[in-house]
Amino acid sequence: MGSTEAVSKPVMHDEDDDDNKPLVFKKSFVKDGDQSHRKPFDINGDSEDGRPLRSIISMTQEQEINGNTTLDESDDDEAPISSRLQKKKHVSEKPKVSGKRLVEKDSYEDQSSMKKHKASSSTAKQDSMNLGEKRKAVVSPNDTDDEDDDDVPIAKRIKADSSSNNKTPPTKPKVTKQSSTASSKKLKVTRVASPPPKKRSKRSRKDSEYAQWTTLVHNGVTFPPTYQPHGTKIFYKGKPVSLSPEQEEVATMFAVMRETDYYNKPIFRKNFWNDWRKLLGKKHVIQKLDDCDFTPIYEWHLEKKQKNKDSKEKKPEQGEKYMWAIVDGVKEKIGNSMVEPPGLFRGRGEHPKMGKFKRRIHPHDVTLNIGKDAPIPECPIPGERWKEIKHDNTVIWIASWNDPINPKRDKYINLGDSSSQKGQSDKKKYEKARKLKDHIESIRETYTKNFTSKDVSKRQIAVATYLIDKLALRAGNDKDDDEADTVGCCTLKVDNVECIHPNQLKFDFLGKDSIRYENTVEVESPVYKAIGQFKAGKSNSDDLFDEIDASKLNDHLKELMPGLTAKVFRTYNASITLDKTLRRETKDGGDVNQKKVVYDQANKEVAIICNHQRTVSKSHGAQVKKLKDKIDELKEGLKQLRTNLKRAKKGEAPLEGSDGKKTRNITPEAWEKKIAQQKMKAEKMERDMQTKEDLKTVALGTSKINYMDPRITVAWCKRNEVPIEKMFTKALREKFTWAMDVEPDFRF
DNA sequence: CTCTCGACTTGCGGTGATTACC
DNA sequence: GGTAATCACCGCAAGTCGAGAG
């Protein structure tokens with residue numbers, strides 16, 4: 001992005017070129033058009049509450065952690081010492097323990113867990129036990145890699161164990177989890193030394209430089225069934241046309257999307273036509289998409305769908321053997337074991353490639369990653385073979401192939417969220433965010449100081465960091481112009497931010513997934529001023545931060561705290577907000593449902609900070625109306641009840657009460673009770689309606705899955721006697737097994 | 001540096017499963 | 001007992017971020 005030189009004049013926008021003006025234009029249309037149905041969040045409203053920033057400051061006292069303190073101490077080993085500003089700000093009250101490892105910097109591990117470990121975890125069952133003991137023992141040499149074994153996936157520990165004591169026959173480690181019927185047996189596992197891969201694996205986030213597994217056994221991946229032609233003709237200018245199976249397959253993909261928004265988008269149609277035409281050939285009767293009538297295929301599709309439904313669940317459930325991998329002797333679930341099927345590309349927002357045909361993936365497209373000594377999975381398509389087999393134990397993927405739509409990217413088959421290695425890295429993510437707590441104060445001081453730096457780059461870094469911290473914006477990496485035109489912090493354009501005198505900034509841009517971010521906030525005046533300067537002399541589509549980009553920003557952040565990057569602020573702000581809000585709002589007493597309301601409210605706050613949206617359901621309006629009617633009805637009934645109460649007090653019989661005789665001799669007290677009940681009911685409905693309305697565009701799930709440290713939730717449940725099942729679905733509980741044994745007094 | 005690549009995380013919408021509602 | 005609203009899970013697009021090539 002921005003070349004360093006340029007600066008003031010709009011003249012050079014080298015980058016602009018890349019960006020391609022047209023896209024820019026496009027984007028602005030989108031804003032109003034497509035996104036119109038989304039209700040913009042108004043973080044502003046809650047200002048103080050809404051934003052994490054303020055709240056945090058007070059945090060020092062909490063430092064004294066409880067038993068769990070441990071984590072924090074990890075040292076900041078990493079960073080160049082010098083760089084680390086480390087201002088001694090508060091405290092060092094915490095015993096800076098460790099010191100032991102100098103190796104990995106990135107280990108924000110938590111040894112505490114190591115000790116007591118198993119407390120409650122539900123599902124973990126025996127696994128954990130084993131581990132419990134084994135783990136300490138294992139200090140195996142090669143573990144140097146990651147921190148303490150604590151964080152090491154269980155599996156790894158076990159294996160390490162065995163290997164080091166070499167008492168176990170290398171050949172077949174036993175599977176710890178339930179054994180998979182089919183597959184596990186045939187998979188013979190052999191332990192491998194785990195030499196760092198040849199190719200200099202990328203991702204050397206200090207720890208990944210090392211092996212992530214020692215043995216990896218699986219059965220490869222499966223492929224979607226071959227296309228079964230249905231023979232339905234389409235009409236071209238009113239005349240039936242038959243298609244070859246290949247032509248028909250793609251035509252069907254298109255026909256089936258008739259009811260989607262894509263169907264009528266010009267770009268979608270153009271891209272589809274372009275690819276379909278290649279299959280038809282230039283001389284085909286069909287010369288124009290608009291003259292095609294796909295109705296017969298669409299109807300065939302509807303029929304088939306109906307038939308499927310009627311024919312009572314017959315889920316093939318095939319491929320059980322492809323759903324698991326044995327990683328270091330532990331059976332782990334694989335995310336999705338089938339490669340992506342062919343289809344028409346559905347990009348989000350105004351994606352320039354929407355509608356393109358995404359071709360079928362074949363075995364010769366697929367690279368498998370398995371242990372050195374693991375048997376090579378048989379190729380499920382007779383007569384074909386895998387593209388490549390690799391044995392890279394610094395990565396955790398099972399299979400990969402190049403994405404036909406965007407050849408610059410690869411697609412992967414990974415282990416599932418419930419796997420130990422996913423869990424471990426999740427934990428690491430939260431520990432890093434938690435560590436930011438110790439640095440946030442000085443980071444804020446630093447950027448505040450730099451708001452007025454004479455050095456433009458420095459000033460831009462400072463302001464960008466401020467926005468990322470205060471508004472939880474994403475970093476904003478540069479994008480190609482064959483992608484939807486969206487931005488993040490570092491790629492904000494001049495017209496995405498409006499200065500509103502005297503000190504407000506109005507943001508309006510399309511972020512990830514083309515979700516609109518619209519928010520007006522008050523900022524400190526140096527920031528306001530700086531933004532004004534950054535905008536000065538540029539045109540609307542120029543970069544607001546022309547001197548920096550996401551990687552420069554991250555380079556800077558890393559000097560402030562080892563391992564710190566822009567995304568950590570999102571995690572940090574989400575988690576700290578959840579923890580604080582829960583502590584502030586949770587009342588003693590109250591039943592589980594009331595507690596849950598408090599939690600959901602906190603969750604909502606986080607979702608708003610992160611701008612996690614969803615489209616309003618089609619029937620939302622109708623549903624609200626229905627509720628409203630019901631409420632009115634209740635209120636009407638209430639009136640009648642009151643009349644009857646009055647009459648009862650006077651000894652008169654109730655008015656046209658529904659059940660004439662039954663209500664005859666109801667006492668006034670009983671009437672009062674009825675009234676109270678009805679009233680509560682109506683009020684509750686009103687509240688429900690309100691929250692429904694409030695949550696209309698807010699998605700709670702994303703923050704729960706990706707941003708809020710699950711230990712906060714688990715600890716809160718323990719403190720408040722709320723069953724964890726109320727808060728986490730089964731999938732989530734499995735994903736978060738690593739967090740289940742947290743102490744009730746855990747603080748983020 | 002900048003650009004591309006590689007791998008892993010995040011995020012939305014669709015859809016099947018489940019529960020709520022006549 | 002059928003249907004509609006809700007929930008949970010899945011699929012895959014789209015970010016982030018480190019590193020190596022040019």
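As a basis for the values below, the full set of heavy atoms in this structure was taken, side chains included, without hydrogen atoms, waters or symmetry mates. Note on naming: letters A, B, ... go to the chains in the order of the sequence lines (proteins, then strands), and numbering restarts at 1 for each one.
Base engagement by A:R409 is indicated by at least one non-hydrogen atom pair under 4.0 Å involving a base atom. Within the nucleic acid shown, A:S425 comes within 4.0 Å of sugar-phosphate atoms alone, with no base atom in reach, counting heavy atoms only. Within 4.0 Å of A:K305, counting heavy atoms only, lies no atom of the nucleic acid at all. Among the heavy atoms of the strands, none lies under 4.0 Å from A:K704. In this structure, A:G488 reaches neither bases nor backbone, as no heavy-atom distance under 4.0 Å exists between it and the strands shown. Nucleic acid contact for A:K630: sugar-phosphate only, since backbone atoms but no base atoms lie under 4.0 Å from a heavy atom of the residue. Using a 4.0 Å heavy-atom criterion, one finds that A:K353 contacts no nucleic acid atom at all. As judged by a 4.0 angstrom heavy-atom cut-off over every strand, A:D410 is placed among residues touching the sugar-phosphate backbone only. Among the atoms of the strands shown, base atoms are found under 4.0 Å from some heavy atom of A:K512. Residue A:A566 is in sugar-phosphate contact alone, with no base atom involved, counting any heavy-atom pair closer than 4.0 Å across all strands shown.
Computed from coordinates, the A:N406 CG to B:dG6 P distance equals 12 Å when rounded to whole Å. Distance, A:K735 NZ to B:dT9 P: 9 Å, rounded to whole Å. Rounded to whole angstrom, the span from the CG atom of A:L732 across to the P atom of B:dT10 amounts to 13 Å.
When the nucleotides C:dA14, C:dG18, C:dA5 are ranked by their closest atom to the side chain of A:N554, C:dG18 comes out on top. When distances run from any side-chain atom of A:P341 to the nucleotides C:dC12, B:dT2, B:dT10, the shortest one goes to C:dC12. Here the nucleotide nearest the side chain of A:Y412, chosen from C:dT6, B:dC8, B:dT9, is B:dC8. For A:R614, the listed nucleotide lying nearest its side chain is B:dG13; candidates were B:dG13, B:dT2, C:dT16. Considering only the side chain of A:K411, C:dC12 comes nearest among C:dT6, C:dC12, B:dT2. Each of C:dA5, B:dC12, B:dC8 was ranked by its minimum atom distance to the side chain of A:T702; first place goes to B:dC12. For A:R348, counting side-chain heavy atoms from C-beta on, the closest listed nucleotide (C:dC17, B:dC12, B:dT10) is B:dC12. Closest to the A:T486 side chain, of the nucleotides C:dC12, C:dG15, B:dC5, is C:dG15. Among the nucleotides C:dA13, B:dT2, C:dG15, the one closest to the side chain of A:K358 is C:dA13. Nearest nucleotide to the A:Q623 side chain, out of C:dA13, C:dC17, C:dA5: C:dA5.
Applying the 4.0 Å criterion to OP1 and OP2 of C:dT16, one finds that A:N477 has a side-chain N or O inside that range. When the side-chain nitrogen and oxygen atoms of A:Q212 are compared with OP1 and OP2 of B:dC8, one or more of them lie within a distance under 4.0 Å. Put simply, A:S514 has no side-chain N or O that comes within less than 4.0 Å of OP1 or OP2 on C:dA14. Proximity of A:T615 to the phosphate of B:dG13: a side-chain N or O atom is located under 4.0 Å from OP1 or OP2. The shortest distance between the side-chain N/O atoms of A:K479 and the OP1/OP2 oxygens of C:dG15 is below 4.0 Å.
Judged by closest nucleotide on DNA chain C, A:K626 is the one of A:K626 and A:A731 placed further toward the 5' end. Along DNA chain B, the nucleotide closest to A:I396 and the one closest to A:P407 are compared, and the more 5′ of them pairs with A:P407. Place A:N414 and A:R346 on DNA chain B by their nearest nucleotides, and A:N414 ends up nearer the 5' end.
By the 30° and 60° cut-offs, the orientation of the rings of A:F507 relative to A:F509 is perpendicular.
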(request) Go through the steps to decide whether A:S703 and A:N603 satisfy the test side-chain hydrogen bond (donor to acceptor under 3.5 Å, both in side chains), and finish with yes or no. (result) CA-CA 8 Å; A:S703 49; A:N603 193 162; 3.1 Å; yes
